[in-house]
Every structure is written in C-alpha cells, then in structure tokens.
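Please read the structure below before turning to the comments.
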Amino acid sequence: MSSEGKEQHDLSPRDSAEGNDPSSPSGIHLELQRESSTDFKQFETNDQCRPYPRILIERQEKSNTNFKQFVIKKLQNCQCSPTKAKNTILGFLPVLQWLPKYDLKKNILGDVMSGLIVGILLVPQSIAYSLLAGQEPVYGLYTSFFASIIYFLLGTSRHISVGIFGVLCLMIGETVDRELQKAGYDNARSASSLGMLSNGSTLLNHTSDRICDKSCYAIMVGSSVTFMAGVYQVAMGFFQVGFVSVYLSDALLSGFVTGASFTILTSQAKYLLGLSLPRSNGVGSLITTWIHIFRNIHKTNLCDLITSLLCLLVLLPTKELNEHFKSKLKAPIPVELVVVVAATLASHFGKLHENYNSSIAGHIPTGFMPPRVPEWNLIPHVAVDAIAISIIGFAITVSLSEMFAKKHGYTVRANQEMYAIGFCNIIPSFFHCFTTSAALAKTLVKESTGCQTQLSGVVTALVLLLVLLVIAPLFYSLQKSVLGVITIVNLRGALRKFRDLPKMWSISRMDTVIWFVTMLSSALLSTEIGLLVGVCFSMFCVILRTQKPKISLLGLVEGSEVFESLSAYKNLQTKPGIKIFRFVAPLYYINKECFKSALYKQTVNPLLVKAAWKKAAKRKVKEEVVTLGGIQDEVSVQLSHDPLELNTIVIDCSAIQFLDTAGIHILKEVRRDYEAIGIQVLLAQCNPSVRDSLTKGEYCQNEEENLLFYSVYEAMAFAEASKNQKGICVPNGLSLSSD
C-alpha cells in the first residue's frame with residue numbers, strides 16, 4: 001500500500017528561511033511561490049482560520065425562454081421585407097454578387113485559358129466515364145455541360161471543377177445494371193423492343209408510351225437516381241445538416257476512393273481485352289468479374305489489346321511528364337484528346353470494327369434531346385441507392401471547395417455548396433444526365449492553368465456545346481478500349497495513396513486502420529457496403545478511443561502552476577500524500593469501469609485496503625477501541641501505527657467533456673470508497689457542463705460545493721492545508737477531523 005511513496009518526492013523549498021519557519025506548528029509549512037498569482041497564507045497557531053483567496057466566478061443567468069416565445073421570435077425574424085428578399089436572392093444566386101464586380105483585365109485571360117483546357121480534357125473523359133455509368137457516350141457530354149453552367153450560377157468556389165466523377169459513375173452503373181436485370185434486359189446485348197422482354201414489360205409499358213430499348217431504360221434509371229440524389233442534397237442544405245459530412249473523415253474518404261478505384265479498374269479491364277462479359281453486381285463483384293475475365297481470356301480481341309497497350313504507352317509517360325513539369329508548363333499537354341483523335345482516325349481508316357470486330361463507341365447524336373421528367377415509378381427502387389451517392393457527392397464537393405478557398409484566401413458557404421451540387425443534379429436529371437460532383441484531378445488542372453473565378457465554367461460549357469452540336473458524330477469509330485484506358489489512367493492518383501501509408505501510420509495508426517478497412521470493404525464487398533462499413537468502423541474507433549483513453553498521474557512544473565504527466569516529462573514535482581489523476585475522455589457508461597480501475601491502479605485500491613484491514617483485525621489478538629468524532633470503530637493496534645501515506649486524490653477534469661448518469665454514479669462511488677479509508681477526493685477544472693451535471697446529480701451537498709476547484713493548483717493547495725491542519729476549520733468553511 002505504501003509503494004506510491006516511492007514515486008513521489010517533496011517539493012524542494014526555494015528559501016531555507018521559508019522552509020524552516022520556527023513559528024510553524026510541528027515544523028510543517030506550506031511552500032510559498034513568489035511567482036504565483038495566488039497567495040497561500042499560513043494558518044495561525046490558534047484555531048482561527050485565515051482563509052487564502054479562492055477563485056470565485058459568478059455564473060451567467062440562463063434566460064428561461066419557453067417554446068411559445070421561441071416560436072414568436074422565429075416568426076418575427078421570418079417577416080419579409082425588400083432587403084431580406086434581395087439578400088435571399090443574392091445568397092441563392094452568388095453570380096449576381098461577384099459577376100457585376102468582375103475585373104475583366106485581371107481575370108479574363110486566366111478564366112478563358114483554364115476553361116478551354118478543362119473543356120478539352122472533359123470531352124474524352126465524359127465519353128469514357130459514360131461507359132462506367134452504363135450509359136451512351138452522349139449522356140456524359142450532356143452531364144458535364146449542364147453541371148458547368150449550373151455551378152457557375154449557384155457555386156461559391158472559384159476553383160473547383162464540377163462534372164463527372166469516377167466513383168459516382170461506378171455507383172450509378174451498379175444501380176443501372178441491377179435495374180436492367182430486374183426489367184429483363186440481357187446485359188450482353190441491347191434489347192430492341194418491348195416484344196423481346198420476357199420480364200418487366202409491364203413496367204416499361206407503364207413508364208413509357210413509346211418503345212424503350214436498353215439505352216433508353218438505362219438513362220431513365222440514371223436520371224431517376226440523379227434526381228433523388230439532388231433532392232437529398234438540397235434537403236440537407238435546407239435543414240443545414242451538413243454536419244453529416246464530419247462522419248466521413250479524410251482517411252475514410254481516401255480509403256473509399258481507393259477501394260472504389262479497384263472496382264473501376266476491374267470493370268474497365270474487359271474493354272481493354274475486347275471481351276463481352278456481363279457486369280457483376282452485389283457483394284464480391286470484383287472477384288467475380290476477374291473470375292469471368294480469366295475464364296474468357298482465350299476470347300481476347302487482339303486488336304483491342306494492342307490498341308490498349310499502345311494507348312497506355314502514350315498516356316502514362318505523358319501524364320507523368322505533365323505532373324513532373326507542371327510548374328514550367330503554362331498548360332498541361334492534352335494527351336487524352338490527342339490519343340482519342342488519333343485512335344478514332346486509325347479505327348476509321350483501318351476499318352477495325354469491320355475487319356477485327358473491335359468494339360466501338362457507335363453513333364453519337366448532335367444537339368439536345370427534349371427534356372423528360374424522371375420516371376416516378378423507378379424512384380422507390382433507387383431511393384436508397386441515391387442516399388450514399390448524395391452523401392459522397394456533397395462531402396467531396398464541400399471538402400474540395402473549402403480546401404481551395406483556404407489556399408487562395410477566400411470563403412465558401414458549405415450550405416450554398418450543397419444547394420449548388422444538389423441543383424447540379426436535379427435540373428440535369430430532366431435532360432438525360434447522371435450524377436455529378438467536384439473532381440480533384442480536373443480541379444487541380446483548373447487551378448494550375450490560371451483559373452480566377454467561376455466564369456471558367458462557362459468557357460468549359462462552350463467547348464462541350466461545340467462538341468455536342470458539331471463534333472460528336474466524328475467519334476463514331478472510337479474504340480471502347482481507348483475509353484477504358486483513359487479511365488484507368490485517371491485512377492493513378494487514387495492508387496498512389498498507398499505511398500502515403502507509412503507517413504499516415506507514423507501520424508495515426510487508427511486512421512491507417514480505418515483507411516485499410518474502408519478500402520478493402522469497398523473493393524471486396526461493394527461500394528455502398530464499403531462506405532457503410534467505413535462509417536460504422538470509424539465511429540467504433542471513436543468509441544474505442546474513449547473506452548480506453550489515456551490516463552496519467554500529474555506533477556507540477558517547477559516555477560509555475562502547470563501540471564503535466566509524470567510518465568511523459570522529467571523533473572516534475574509532487575507533494576507527499578497527494579496524487580493528481582487525469583482522465584482524457586468523457587466519463588460515461590462505456591468507460592466508467594475503465595476510469596475506476598485506472599484510478600484504483602494508479603493511486604490505491606480502497607477495496608483492497610478495507611479487506612486488508614478486516615484481515616488484520618481478525619489476526620490480532622489485542623484490539624483497541626479508537627473513538628473518532630463520536631463514532632466507534634474497531635481498528636487494529638498495528639494499523640494505528642502504520643497509516644496510509646496517501647491522504648488526498650485530485651482528479652483533473654479538464655479533459656472530461658461531459659458526464660452522464662453512469663459517470664456521476666461512478667464518481668460518487670469512488671468518493672465514497674476513498675472516504676471510507678480516510679482519503680478525500682477533490683475535483684478540479686470542471687467545465688460548466690460537467691459542473692451542471694454534478695449539481696443536478698447531487699454529487700456535492702450544499703456545504704461541499706467549494707470542493708469543486710477551478711484549477712489543479714488551487715485543489716493541491718487546499719489539500720495541503722487540510723493535511724497540515726488537524727481538527728480545525730479550513731478555508732471553505734468545512735470542519736475536518738484528524739483521522
């Protein structure tokens with residue numbers, strides 16, 4: 001029981017005259033610190049108290065506003081006025097604020113240059129990602145066009161590029177393929193009419209008054225998912241529930257994108273080999289797809305394979321050169337567009353489709369299709385899928401917009417960004433488009449090429465408009481293997497995250513584990529399940545951190561009133577008979593037993609002490625009755641000569657954010673156990689929330705409220721005073737008897 005005495009050493013006095021004051025009773029003194037802001041006065045030799053100054057803080061009075069008054073106040077604030085209406089419109093359409101102040105000479109060159117380059121890059125990527133989403137190439141061009149225009153009107157970030165994002169295309173494609181199977185379409189070929197359907201014909205007849213082939217039904221599903229995702233995002237902005245994104249940590253998002261990248265790579269591998277395989281869905285689709293690929297590897301189309309290898313040999317080195325010399329290049333080399341043009345010309349004049357049965361993009365119509373309302377009958381089937389898509393979309397968009405705003409010294413409004421990305425999905429869903437969000441790779445290109453404002457999005461839209469009205473049919477002979485290579489090459493950034501793992505492991509092992517769990521579950525299970533597993537595991541890790549928090553005994557930094565961990569720092573001072581305990585976590589039902597066991601282990605276990613006392617009492621033949629405060633206790637003679645060295649425990653509550661009922665009960669239990677063996681428990685540095693919980697939980701009686709201290713130093717001084725003065729009153733007015 002006395003082992004704690006070895007861990008402590010006395011505070012060395014700074015002045016020998018102070019340390020040997022002959023007027024001090026029984027030669028015991030309180031050490032004075034001249035630098036300290038609190039002057040601890042010694043007690044007189046008589047029974048009168050001369051209290052040292054205590055820290056007194058007056059609490060703010062809380063206003064008792066009832067629900068009726070709250071509603072009336074809110075309704076008064078909702079009264080419409082011309083000024084409020086103007087501010088609301090300007091807030092919803094940020095373009096009306098910044099466009100009239102546009103500096104033409106300063107910004108136009110950078111905006112035009114970045115808009116042109118991003119538009120050129122988007123043309124091949126939009127066509128390639130359409131395959132990933134299970135759509136025809138023209139729908140990818142529609143999506144990028146409308147997203148650029150709408151974000152120009154509603155967005156607050158000057159630099160992010162909103163358009164097609166690979167992970168969202170993958171999630172859309174999985175939903176589309178599932179609904180196609182339910183409707184009875186054969187994934188290996190396109191049904192030509194309703195008469196060919198053996199299952200789902202009733203659904204199609206109900207949803208459409210005209211013949212709807214596989215391509216038509218696929219975009220109906222995609223636009224319905226997009227509409228619901230946009231509705232969710234606008235609703236989250238309206239109800240200001242952007243806090244949902246805080247559950248998607250950087251490690252979780254990074255792991256999710258990397259895991260989804262493996263699925264994207266797997267889904268595009270069949271195009272590189274020229275194989276016609278059904279798309280696998282559900283749990284384990286990655287493994288299933290590779291099994292199908294290896295079973296059909298003998299059917300590889302050599303023309304597509306050679307084209308894929310040639311494109312890889314051109315794209316990969318050029319992409320690396322772009323990245324390596326990005327500081328010297330005024331604009332990145334548009335190698336993707338060059339490859340697309342060259343491959344299209346080679347395929348057209350070499351007649352690769354006719355001679356070698358190479359899979360090509362096919363006819364891409366010019367102009368725009370008439371708008372169409374999303375299919376309401378499909379909404380119940382895709383509403384759940386849209387939840388994960390909407391959360392991923394707005395989380396990536398908000399995080400990228402805030403990152404680039406901080407980098408360039410301006411602010412963005414998170415709720416307005418949710419409105420912007422929401423309407424970038426709702427409005428285009430009427431024009432045969434699928435889900436969009438910000439994309440890091442295109443945003444980096446946009447920033448590096450001199451983008452100044454959102455006006456660059458209009459230039460990008462004009463480039464896409466030119467393609468849609470004039471150039472699109474020229475891509476008829478473009479091989480799908482080329483589009484698959486473009487998609488895979490653009491996964492380099494996500495796959496390079498493996499390089500960051502050693503650094504992440506050295507900074508936070510918990511984040512690294514979260515990254516691995518999310519990555520593996522997203523790749524091996526499915527994207528939606530992987531996201532759910534990642535969120536649940538991340539929250540479990542937060543609970544785990546509070547369940548097994550860091551605990552430590554504290555010592556005083558010499559010449560200050562600062563206390564730090566004895567296990568972390570050297571040359572800290574401690575007071576004999578006093579231990580200061582810090583618990584770095586909220587105290588609630590999950591970790592209450594951890595708190596209790598750690599406290600007993602670091603100080604002294606009162607249950608073992610009481611058991612030892614009882615055992616010693618039974619062994620002693622002679623017992624003496626000791627009277628303490630009018631209460632008779634039987635204590636062994638041996639024990640009266642060997643009292644406990646520890647007399648006070650100070651619990652530093654500065655890191656305890658909140659208490660629940662279980663936490664209050666465990667504090668009461670700990671205090672009761674220690675008081676039974678003559679050790680007092682003091683609480684220090686409780687925040688207002690913890691103090692309120694202690695008051696409501698009746699931890700302290702009215703006369704004991706002063707035992708809650710505003711600083712650990714103050715609690716230690718009180719403990720010294722109560723230890724040195726026996727049988728007299730102490731500064732807070734309590735009477736302490738000798739043990």
Side-chain angles (χ1 to χ4, degrees), residues 92-95 118 122 125-126 129 133 143-144 146-172 225-250 252-254 256-257 260 386-408 410-429 433-447 451 453-454 456-457 460-461 493-494 527 531:
F92 184 71
L93 292 171
V95 65
V118 172
L122 267 177
Q125 288 187 14
S126 298
Y129 284 157
T143 300
S144 296
F146 283 106
S148 299
I149 291 291
I150 296 170
Y151 190 82
F152 159 75
L153 298 172
L154 301 178
T156 59
S157 174
R158 303 171 192 171
H159 293 89
I160 67 171
S161 174
V162 175
I164 291 180
F165 181 51
V167 174
L168 295 185
C169 289
L170 172 68
M171 299 172 77
I172 290 286
V225 177
T226 301
F227 176 79
M228 285 306 301
V231 169
Y232 290 145
Q233 288 165 340
V234 170
M236 286 187 282
F238 181 78
F239 292 107
Q240 298 185 354
V241 291
F243 66 88
V244 174
S245 63
V246 303
Y247 294 104
L248 305 178
S249 64
D250 291 340
L252 187 149
L253 279 176
S254 176
F256 173 76
V257 171
I387 295 175
I389 293 172
S390 64
I391 292 175
I392 289 294
F394 93 75
I396 291 174
T397 302
V398 170
S399 61
L400 283 180
S401 61
E402 289 180 345
M403 180 175 71
F404 283 91
K406 188 182 297 182
K407 182 178 179 180
H408 292 275
Y410 62 93
T411 58
V412 294
R413 289 180 285 133
N415 277 328
Q416 181 61 30
E417 287 298 298
M418 284 195 285
Y419 283 132
I421 198 64
F423 282 106
C424 279
N425 288 322
I426 290 178
I427 297 174
S429 68
C433 300
F434 47 91
T435 313
T436 58
S437 75
L440 177 59
K442 292 186 283 291
T443 300
L444 289 173
V445 171
K446 193 174 181 180
E447 180 206 26
C451 174
T453 67
Q454 295 94 314
S456 63
T460 299
T527 49
L531 179 63

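Source: prediction; values computed, not measured.
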**Message:** Distance check, rounded to the nearest 0.5 Å: Leu154 atom CG versus Ile427 atom CD1?
**Reply:** 7.0 Å
**Message:** So, taking the atom named OG1 in Thr411 and the one named NZ in Lys406, what distance separates them when rounded to the nearest 0.5 Å?
**Reply:** 12.5 Å
**Atom of Cys424, atom of Ala147 and distance for their closest heavy-atom approach** = SG-O, 3.7 Å
**Request:** Identify the heavy atoms of Ala386 and Ala229 that sit nearest to each other, and give their distance.
**Result:** CB-N, 3.7 Å
**Message:** Rounded at 0.5 Å granularity, tell me how far CD1 in Ile389 sits from CE in Met228.
**Reply:** 11.0 Å
**Request:** Please check if any side-chain donor atom of Thr443 sits under 3.5 Å from a side-chain acceptor atom of Ser161, or the reverse.
**Result:** no
**Asked** Does the side chain of Asn425 come within less than 4.5 Å of Phe227's, by heavy atoms?
**Response** no
**Item:** Side-chain touch Ile387/Tyr232, heavy atoms, less than 4.5 angstrom
**Value:** yes
**Asked** Of Val412, Val162, Ile160, which is the lone residue that meets side-chain contact (heavy atoms from CB on, under 4.5 Å) with Leu400?
**Response** Ile160
**Phe423 vs Leu153, side chain to side chain contact (heavy atoms under 4.5 Å, CB included): CA-CA, chis, key distance, verdict** = CA-CA 10 Å; Phe423 282 106; Leu153 298 172; over 6 Å; no
**Message:** Taking ring pair (Phe, Tyr, Trp, His ring centres under 6.0 Å) as the definition, give me every residue that meets it alongside Phe152, ordered by chain and number, with sequence neighbours left out.
**Reply:** Trp98
**Request:** Output the distance between atom CE (Met236) and atom OG (Ser390), rounded to the nearest 0.5 Å.
**Result:** 4.0 Å
**Prompt:** With a 4.5 Å heavy-atom cut-off, do Phe434 and Ile164 have their side chains touching?
**Reply:** yes
**Prompt:** With a 4.5 Å heavy-atom cut-off, do Val118 and Ser456 have their side chains touching?
**Reply:** no
**Asked** Is the shortest heavy-atom distance from the side chain of Thr436 to the side chain of Tyr151 under 4.5 Å?
**Response** no
**Item:** Parallel, tilted or perpendicular: ring planes of His408 versus His159, cut at 30 and 60 degrees
**Value:** parallel
**Prompt:** Got more than 12 heavy atoms from elsewhere within 6.0 Å of CZ, Phe238?
**Reply:** no
**Asked** How far apart are the closest heavy atoms of Leu170 and Ala260, and which atoms are they?
**Response** CD2-O, 3.6 Å
**Request:** Would you tell me whether Thr460 and Ser148 have side-chain atoms, one donor and one acceptor, within less than 3.5 Å of each other?
**Result:** no
**Prompt:** Is any side-chain heavy atom of Ile392 closer than 4.5 Å to a side-chain heavy atom of Ser437?
**Reply:** no
**Asked** Does Thr397 use its side chain to pair, donor to acceptor, with the backbone of Ala438 at less than 3.5 Å?
**Response** yes
**Message:** For a quick test of reading the model, state the closest non-hydrogen atom pair linking Arg158 to Tyr410 and the distance between them.
**Reply:** N-OH, 3.1 Å
**Complete:** Rounded to the nearest 0.5 Å, the OG atom of Ser157 sits from the CD atom of Gln454 at a distance of 7.0 Å
**Item:** From CZ (Arg413) to OG (Ser401), nearest 0.5 Å
**Value:** 11.5 Å
**Prompt:** Looking only at heavy atoms, what is the nearest atom pair of Ile149 and Ala461, with distance?
**Reply:** CD1-CB, 3.6 Å
**Message:** Please find the pair of heavy atoms, one from Phe394 and one from Ile421, that lie closest to each other, and give the distance.
**Reply:** CB-CG2, 4.1 Å
**Message:** In the structure I gave you, are the side-chain heavy atoms of Leu122 and Lys442 within less than 4.5 Å of one another anywhere?
**Reply:** yes
**Prompt:** Are Tyr129 and Phe165 close enough that some pair of their side-chain heavy atoms sits under 4.5 Å apart?
**Reply:** no
**Message:** Donor-acceptor check, side chain of Gln233 to backbone of Ile391, threshold 3.5 angstrom: yes or no?
**Reply:** no
